[in-house]
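Before any comments, here is the structure.
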Amino acid sequence: MARVHPMRAIRVWLTCVLLASISAAAGADGGALLVRNGHVLTMDAATGDLPRADILVRDGRIVAVGPDLDAGDARVIDAAGAYVLPGFVDTHSHLYTTTMRGQFRNADGRYFDVAEHLSPVMTPDDVHIAMHLGALELLDGGITSTGDFFDNVRSPAHGEAGLAALEASGIRAVLYYGGPDKSTRQPIDLAHLSALAGARDQAARVRLGLAWRLPRDLDDAGNWAMRDREREVARALGLPVQVHVSVQPGPIFDALIARDLLDPALSLVHATDATPVQLQALEAAGGALSLTPVSEHRVGYGLTRLDDFEGVSRQGLGIDGNALAGCGDMFAAMRLAALTWSGGARDETAVAPRALLELATRRGADALGLGAVTGTLVPGKRADLQVIAPGSLQMAGFGGGDPAALLVYSAAPTDVRTVIVDGRLVKHDGELVGVDLPRVREAARASARALLERAGPR
Ligand SMILES: [Zn+2]
């Protein structure tokens with residue numbers, strides 16, 4: 001056996017003591033948890049529902065799911081009488097617009113006009129306040145992952161403020177880093193994006209992606225050169241990419257196909273106008289879809305008919321900005337998608353409520369490229385989950401059986417009692433943990449007022 005020098009042995013011992021104290025400190029905020037006696041909807045096809053089961057979480061990961069698990073040193077979260085689901089996955093958002101809430105007044109203020117009026121006067125602090133508030137609202141309603149399309153990166157400081165806000169909120173996110181506005185004229189700051197990507201772990205809770213846009217004029221070769229370069233950089237950095245296909249929907253989708261730009265790293269947003277041929281091409285390329293029924297209906301993109309998209313394997317639901325959707329409410333998104341489906345099909349039996357839960361969890365995670373990380377409650381996944389307690393009047397009167405219809409048609413964000421992200425308790429007993437809500441609200445109000453003042457009349 002090799003002899004160890006005494007000083008080296010002391011150093012090793014000191015390192016061990018230090019590591020032990022770090023992990024003890026983590027125990028207070030991210031230590032082991034046991035979610036006990038819930039009705040667990042694992043959303044994993046092989047495991048199904050477990051009407052009474054525990055979930056043991058260690059080091060941010062689910063280590064066991066089943067009845068009567070030994071809690072050991074884990075903090076116990078009582079879920080008796082409640083439903084335990086994977087956290088919802090919002091596949092597309094614009095959280096920086098959260099402080100524009102109430103300003104989109106339809107005929108008296110179209111979304112794009114108002115957003116393009118207020119976005120230029122946002123400082124990095126305004127971005128941080130809006131994105132932090134938006135992410136907290138998502139967490140409060142059981143949404144544990146978001147794909148945030150950040151198309152207001154007016155400077156490196158704005159980009160860093162957005163990342164810092166998502167980090168601070170505790171949410172899991174892909175921050176799709178975009179250009180300085182919603183136009184297609186400006187380039188994305190690829191040097192800054194590359195520097196950020198180089199300094200970050202793409203397996204971390206908050207990851208980077210590219211918020212891509214295509215030329216408004218699809219014959220503009222100069223603009224295509226800029227866009228192709230952005231896509232090449234994203235590919236080289238291994239970043240996922242999102243792109244809206246709502247502007248000139250048919251020609252844009254056709255251009256993506258003709259230029260062979262569809263691939264598994266790309267997800268398309270707002271495909272309400274897509275044709276079966278276009279969707280087949282997306283499916284063949286392994287690309288993904290993000291469907292945001294509330295915002296798509298609100299801005300008049302058409303009806304989000306889930307039965308139109310049945311041929312696309314990778315798809316999920318999105319909020320598309322809490323302000324545009326009204327609020328960051330995945331229950332509302334599921335409900336609207338379900339109602340549009342049955343109403344459009346003129347067939348009550350067309351909709352399986354569980355299909356909505358699948359879109360909001362497992363399928364959404366897969367669409368965001370996070371299928372190996374989150375979206376189901378099975379050992380090995382990161383621990384992103386929510387406990388829904390049916391204590392409100394609007395959930396009362398349920399006598400048992402499959403709870404999927406109850407959750408889709410009756411539940412609301414206020415029914416989400418506990419939320420865990422990456423093994424960390426972010427909402428408990430109906431309250432966000434460690435958040436000074438009066439301060440968050442006041443900062444958001446002050447920032448929103450200042451935006452209106454600085455932007456002046458439209
Ligand atoms: Zn969008």
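No experiment lies behind these values; they were computed from the predicted model shown. Ligands are counted one by one from 1 in listed order, and the atoms in each one are counted from 1 as well. For the single chain, residues carry numbers from 1 onward in sequence order.
When you scan the N, O or S atoms of D320 for the one nearest the Zn ion (ligand 1), you land on OD1.
Because the distance cut-off is set at 2.8 Å, H94 qualifies as a neighbour of the Zn ion (ligand 1) through one of its N, O or S atoms.
With sequence neighbours excluded, no residue forms a salt bridge (Lys or Arg N to Asp or Glu O under 4.0 Å) with E116.
The NE2 atom of H244 and the NE2 atom of H92 subtend an angle of 100° at the Zn ion (ligand 1), given to the nearest 10 degrees.
Salt-bridge check for D263 with R231: passed, with a basic side-chain N closer than 4.0 Å to an acidic carboxylate O.
Among pairs with a residue in residues 448-458, those fulfilling side-chain hydrogen bond (donor to acceptor under 3.5 Å, both in side chains) read D126-R454, at least two apart in sequence or across chains.
Residues T91 and V269 fail the side-chain proximity criterion, which asks for heavy atoms closer than 4.5 Å.
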